[in-house]
Amino acid sequence: MVILFSCVLAVLLSPLTVLAGDPEVTVNRIENLPNRLFYFDDTSVVLFHDPVKLSVTRSEDEGKTWSPISGPEVGEAVRLIEHPHNNEMAFIIGRDRTHWVTYNRGASWQSFETPRKASLGGQPLAFHAEHTDWILFQGLACEDTGSGKWGGGRTCWDETFYTKDAFRSTPTLLLSQTSQCLFARSSPAFVNAPESLIFCVAFDASNKPGGGMHRIRESRLYSSEDWYETKKFVDLGIGKRARGVVGIGVVSKFMVAALRVAEGEAHLYVSTDGLQWRQTKFPHSAMPDLKENAYTVVESTTHSIAVDILTSPSANIGTLFVSSSEGTYFVEALADTNRNEYGIVDFEQLVGLEGVGIANVVSNREEVVGWGEPKKIKSKITYDDGSNWRSLKAPGKHMNGDDWACDRNDIDSCSLHVHSVTVPHNIGRVFSSTAPGFVMAVGSVGDSLLPYEECDTFLSTDAGLSWRMVQEGAHKYEFGDQGSVLVIVDDEAATDHVHYSYDGGATWTQLDLGVTVRGLVLTTIPDSTSQKFLLIGTLPRKDAGNDGRHAMIFLDFAPLQTRQCTESDFEQWYARSEDGKECLMGHKQWYRRRKLDANCYVGHKFEDPVGHEENCACTDDDYECDFNFVKQGGECVPVGPEPVPAGVCNKPDDKYLGSSGYRKIPGNTCENRSGEGKDSPIMKPCSSARPENGQVSHVTHEFDATITQHQYFPGSQSILLQLSDGTIWQSSNEGFSWKQLFDHETFLGVTMHSFANERAYLLTNSKKIYHTTDYGRSWNTITAPEMPNSLAIPILDFHPTKSDWLIYTGSVGCTDTLSANCRAIAYYSTDHGRRWKKIEEYVRNCAWARDSRLKIDEREIICESYKNKKGSQTSGDFNPVELIAGANYYTKKIKLFDSVVGFASFSEYLLVAQLHEMFGTLSLQVSLDGYHFSEGQFPPSMKIENRAYTILESNTDAVFLHVTMNAGINKEWGSIFKSNSNGTYYNLAVEYVNRNTAGYVDFEKMVGLDGIAVINVVANPNEADISGKKKLQTRITHNDGGTWKPMNPPAKDSLGQSYDCSSTACSLQIHGYTERRDPKATYSSPSAVGLMLAVGNVGEELAPYTDSDVFLTRDGGFTWEEVHKDAHMWEFGDSGSILVLANDEEATDHILYTTDEGLTWNEYAFGQPIRVRTIQTVPDDTSRRFLLIGEAMGRTDKSILIHLDFSAITQTKCELSIEDPNHDDFELWSPSENREESCLFGRQTMYHRRIRDRNCYVGEKVSQPKTVVMNCTCTPADFECEFNYRRDASGNCVLVDGAQALSYDTSYEQCDGESDYWYERTEYRKIPYSSCQGGERPDRGKRHECPGLIIRGGLSGLFWGSVAMVPFAFAGLAGWYYWTKGSRPGAIRLGDHRAFGDESPAAGVLMFIASVPIFLIAITQEGWAWLTRKVPFLDDLFTRRTPYRSLPIDDDAEILGNYEDE
């Protein structure tokens, strides 16, 4: 046992007092607190170490009397170490090379010398479990180098020595340059290894550490069976790559080694004999975001290892996994485990009870990780070794008989939570001892754990099944005499007494100590079979005197009981997991223990209670999901096709014995008494097995209705489908198998939480809402306050920082179309729908004002609210819509605008379409704080009245705006404007950009590479205005719209033939968003940097879609190649290592795929021909599994879904080595390699991409460090035209006709308190996103000194209020906002969090977005009437990676945000 204190123990004096007539109390005063105190196992001898005086003191009577030891003098005992396998030996480590050993429990000590002094770090001694005289000593060797900073210098390293006679002779050198050595048989359970096998983590002996230490990357694992006369490199089964060994240890019957393979990533290897090693397999397929970066091996049994992996480093939160019996395959046991900064995990098993353990989890992980909120800790208990967990049941009553403040029937919000091992308050075990069934804890009852000082003390006598409160306040506690005596001491303040109980905590008696102490340690012998205890505490300063400030108080309760228990005083106590259920881990486990009310003592000191087992018949509770199976709807389903042994499946109709999906919980001993067990292998058709390496497989699913919606849970394998018949289906394995959810319900839709990936909501045609908070592993219900609205208003809105905060909009009186009082009512909840509070009635939209980048008051709610709150919202009568901002949950309302058509959040801006009723015009208002607004400005020559305009999303500190210049049907085109950094001034970037009648624009930015965008322009605007036939040409920019150029055509087609077109007007033309058959098939992918696919042709204009072919670029659009003939839809997989094509012109029975980015193509036939409507995979394109969704010819009323699995085509994982980039599977690439400008945005950036022809898979997404190679010198490419300027034919910026330049004075912008000068404004301005330095600065005019009195920090709110207003003139009364989510490829919606049918943001996707987002389309109309629905609701316009959002418009002039599903 160890005590960790900052100050320490001292000498002792003679006993001060003995209180007669009570249990015996003996007080010994000491000067310092101990830092090491332990009992020799199964003896009454105790040693403690004073770290201040560096001395050791001994007691032979369990701490009643003490005396100094012989041997080391005071000041020589640096460290005290007990022998873990020999209860007669202990060791004292000295200052230099002299140390001491005792062979008789400290009665005498002998000194011994070592060649080196003890190592400063880690454990200096390592022991053999059987040969207790075999010991390894870790020493520190140093030599003077003479090269230190101050003229000297030393280089030091560790050396390991061994002794085979417990240091009776001088130890011998084992190995130099080591960091750790241990015996394989260092645990009594590890018996399969050779007797003399020793492992060392060591470095090259000829290479002494430079700079004072070795690099981890250089460490290797060695073994020897002859004391390192010969040594063997342990390659862990992976050859020479087995380097970077972090550490090695033995846990029960398992030996584990941790290997650091990359920055922030490690692998764990396990062996059961020290000879054969296997890499542990954690379920990455079921948990794709799992990163093996920090392991903690927690208490483990002889039949499995329990490992906690740090999954949220910033918050010290982990996930607990439990292994199979051989220690190789792990399954998730408990998510969100609580850890501390030292890697200690809140998990402890109960002594003597197999499979029973208590753990603490963090219930608010998202808030802790994302926003730094305090942890909310909940306690869980398992009775089956981690397969299932439940909350600790709260006691029936408070100690004083009062009810708890919460409802005990709601165990989620009212259960017992206890403090555990991460913040220890005593030494030894936290909850239990060998006393059978006794568990004590300090905790609280409620929805989460309170601070320690606000907790009480609880006791369970049935292994945690039921609890009762035994004392108010926090207490230290200890068990004695196998649980017959319980002792507690106040742990919140100094006290002069303890309490004890002899009847299982039913009654407590006070025992006075004679002194007042602040209790620090309460302990007894390790097996808790004694009635003697030791209390260590600190006296108040006034009582300290000269005898020492601290006290060692010996408590002896033996005088109380004079009768030893007989047979009639004992009972058989069975461990139970619940009332009436005695089978635990497959057997009944019982102990013989004293009856709680027996008036006797047990005795049998140093004899541990003996457990008895009786095997039970197996039930479902004795099984868990097998490796690579996951639980779905209560059943274990495979995550994909199952691998089979070679040679088993030789013919298509063969069968093989495969896993049932279940395995017996490791250590479970149940017996199969009714035939085959649930884990018995079952015969399966070979057609469903995983194919041989190099082969693709598929599974076909037919649905009786059409698929209208499909949603992935980002970061998991779970998918939800909604069918046109109102059913919902779920897959937990990327579509390999499906299960219908709640077949008795009719669902209106699926809503994914916009900010919490693991949450989703199923909306029914009643007030019931199903929801999940764990990626669909379990579903619960909440009750909405009203029926869901059918007014095309967002039903649910989510808060970006508070996952439990919801806004729900329902409706009342709307079931009858002729209703006179149909109205929408909005409510909010801050506890995930348990309680609702009304916001407002007669609303068109209510949402949280705060957004992911709009950092304003988190409690503010913004509503579009009808001015006249009477009648029916759907009547069509004129009723202005006001915009109201409500602080403090809408209790303090401020009217922002008298009349609006809608609002949306865009990046860090709040955009409002204000309606000017008197003039019938719209203006766009922008705010940074949700209260103060300014209006944008355009060049005066750009007349935009009666024009539609579109805000195109950008992540480069500027806004792209498309303004329609020609709105003729099928003749539409417009101009794109680009803003300055605050979004208020707009300049012309490019003209004649194509759009269609629905308002979609041929504009798309490349995902993952800044500044690259593709457009289609109308080459014949005048002719098209007459003929109605547009000639489209493609343009690309690589400098964020600074210049637009035709795309270079490839020299040859995919057949090696030259193109017919050879003039300078020939270029590559590709079909844009307005023509794309699958709106989700964006050109690029968030995980395949530089890669783009497109359908198009080489010519002077864009050819029809069916006359087009497939083209690919690997370098961001600089060079292109034709990779296949005919138009196909496409999808990226495994970060671009797999590309899949499906015929997009007719029904097909096969797909094409390539693993070398189009150099070669393979065909895979899936059987029946279907008309493919879409190809899907996980949102970040990192999976090797895809879904084809379509229908059979002539059967448009049904859907066919085909699951394609490419995971068997290669088993070689691509290797990325930052340290050795010339010998891995990736290459460094920069867009500047092909660009005329060597830099983009004033910098060169390097990216990792897989070498094209490497036959390997990427796996998890490649972390792109975006290393800025250098900031570049400014060139003309880093500048654009200032407001009211445009580029002329020669590329110079000239003033727009009729326009006036902005003031030359920029002092208010540039004189920020740190700058000495300001420069006059010119016709140029620096691109806001550019980081170039020096060089040409055409944006700087004449230089002036900054006024001395101006000290400012950027633009204030006053600046926004002073921006001149240049109104948009509109004849129409409406605007449409179309917006796509800026944090990941996915559903398109209004604002960054207006959700219905949306996916959550994928963590770490750096604003990867596929173009086009916000639309504001002005519509000419004669009066205030109403707008009819213009755009049909289409599923494929709002699922993954859609750059647009269809917007149904209702008949009540609702324009903005009225989504059925958003």
Side-chain angles (χ1 to χ4, degrees), residues 710 712 714 952-955 960 994 1000-1016 1034 1036-1037 1047 1070-1096 1105 1108 1110-1114 1116-1117 1120 1123 1127-1136 1138-1142 1144 1157 1172-1183 1186-1187 1189 1261 1378-1389 1398-1399 1401-1402 1405-1414 1434-1446:
H710 49 274
Y712 281 83
L952 306 171
E953 194 271 344
S954 174
N955 58 357
F960 285 90
N994 184 51
Y1000 303 131
V1001 178
D1002 277 345
F1003 173 95
E1004 185 169 322
K1005 300 200 79 173
M1006 185 172 188
V1007 179
L1009 287 179
D1010 296 336
I1012 300 178
V1014 178
I1015 60 172
N1016 279 339
T1034 301
I1036 190 169
T1037 178
M1047 293 206 298
I1070 59 177
H1071 290 269
Y1073 189 83
T1074 60
E1075 296 181 275
R1076 191 172 298 152
R1077 201 176 295 271
D1078 178 6
K1080 295 166 296 302
T1082 49
Y1083 296 134
S1084 52
S1085 164
S1087 62
V1089 63
L1091 208 60
M1092 297 171 72
L1093 277 170
V1095 172
Y1105 187 80
S1108 300
V1110 181
F1111 293 82
L1112 175 142
T1113 176
R1114 301 185 69 243
W1120 292 82
V1123 293
H1128 290 71
M1129 62 178 61
W1130 63 86
E1131 184 57 284
F1132 302 87
D1134 189 45
S1135 300
I1138 303 172
L1139 306 178
V1140 177
L1141 300 182
D1144 198 21
E1157 298 174 7
V1172 180
R1173 298 300 179 188
T1174 184
I1175 314 174
Q1176 290 294 304
T1177 187
V1178 296
D1180 59 2
D1181 294 341
T1182 56
S1183 174
F1186 300 79
L1187 302 180
I1189 299 177
K1261 186 175 177 181
Y1378 290 75
W1379 164 236
T1380 185
K1381 197 164 176 177
S1383 59
R1384 54 102 184 104
I1388 302 313
R1389 56 190 175 73
D1398 188 19
E1399 294 178 9
V1405 182
L1406 300 173
M1407 297 298 288
F1408 286 151
I1409 192 62
S1411 87
V1412 221
I1414 299 184
L1434 298 174
D1435 167 67
D1436 61 359
L1437 291 178
F1438 71 92
T1439 47
R1440 192 185 68 82
R1441 280 220 320 261
T1442 316
Y1444 292 93
R1445 176 68 176 88
S1446 69

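Below, all heavy atoms of this structure are taken into account, side chains as well, without hydrogens, waters or symmetry copies.
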Minimum heavy-atom separation for Pro1086 and Asp1181, please, with both atom names.
CD-OD2, 3.5 Å
Rounded to the nearest 0.5 Å, what separation is found between the CG atom of Leu1139 and the CG atom of Leu1093?
5.5 Å
Trace of the side-chain contact (heavy atoms from CB on, under 4.5 Å) decision for Leu1187 with Tyr712:
CA-CA 11 Å; Leu1187 302 180; Tyr712 281 83; 3.6 Å; yes
If I compare all heavy atoms of Ala1094 with all of Trp1130, which pair ends up nearest, and what's the gap?
CA-CH2, 4.0 Å
Over 60° means perpendicular and under 30° means parallel, so classify the ring planes of Phe1003 and Phe960, tilted if in between.
tilted
Can you list the residues that meet the side-chain hydrogen bond (donor to acceptor under 3.5 Å, both in side chains) rule with Asn1016, with sequence neighbours excluded?
Asp1002, Thr1034
Would you say the side-chain atoms of Glu1131 pair up with the backbone N or O of Phe1186, donor to acceptor, closer than 3.5 Å?
no
Keeping Ser1108 on the side-chain end and Val1095 on the backbone end, is there a donor-acceptor pair under 3.5 Å?
no
Using ring pair (Phe, Tyr, Trp, His ring centres under 6.0 Å) as the criterion, list what pairs up with Phe1111, not counting sequence neighbours.
none
List in chain and number order the residues that pass side-chain contact (heavy atoms from CB on, under 4.5 Å) with Ala1142, two or more places apart in sequence or in another chain; answer none if no residue qualifies.
Met1129, Ile1151, Val1172, Ile1175
Of all residues at least two apart in sequence or in a different chain, which pass the side-chain contact (heavy atoms from CB on, under 4.5 Å) check with Ala1088?
Ser1085, Leu1091
Sequence-distant partners of Thr1113, side-chain contact (heavy atoms from CB on, under 4.5 Å), two or more places apart:
Met1092, Asp1115, Trp1120
Residue pair Phe1132 / Thr1082: nearest heavy atoms and the distance that separates them
CE1-O, 3.9 Å
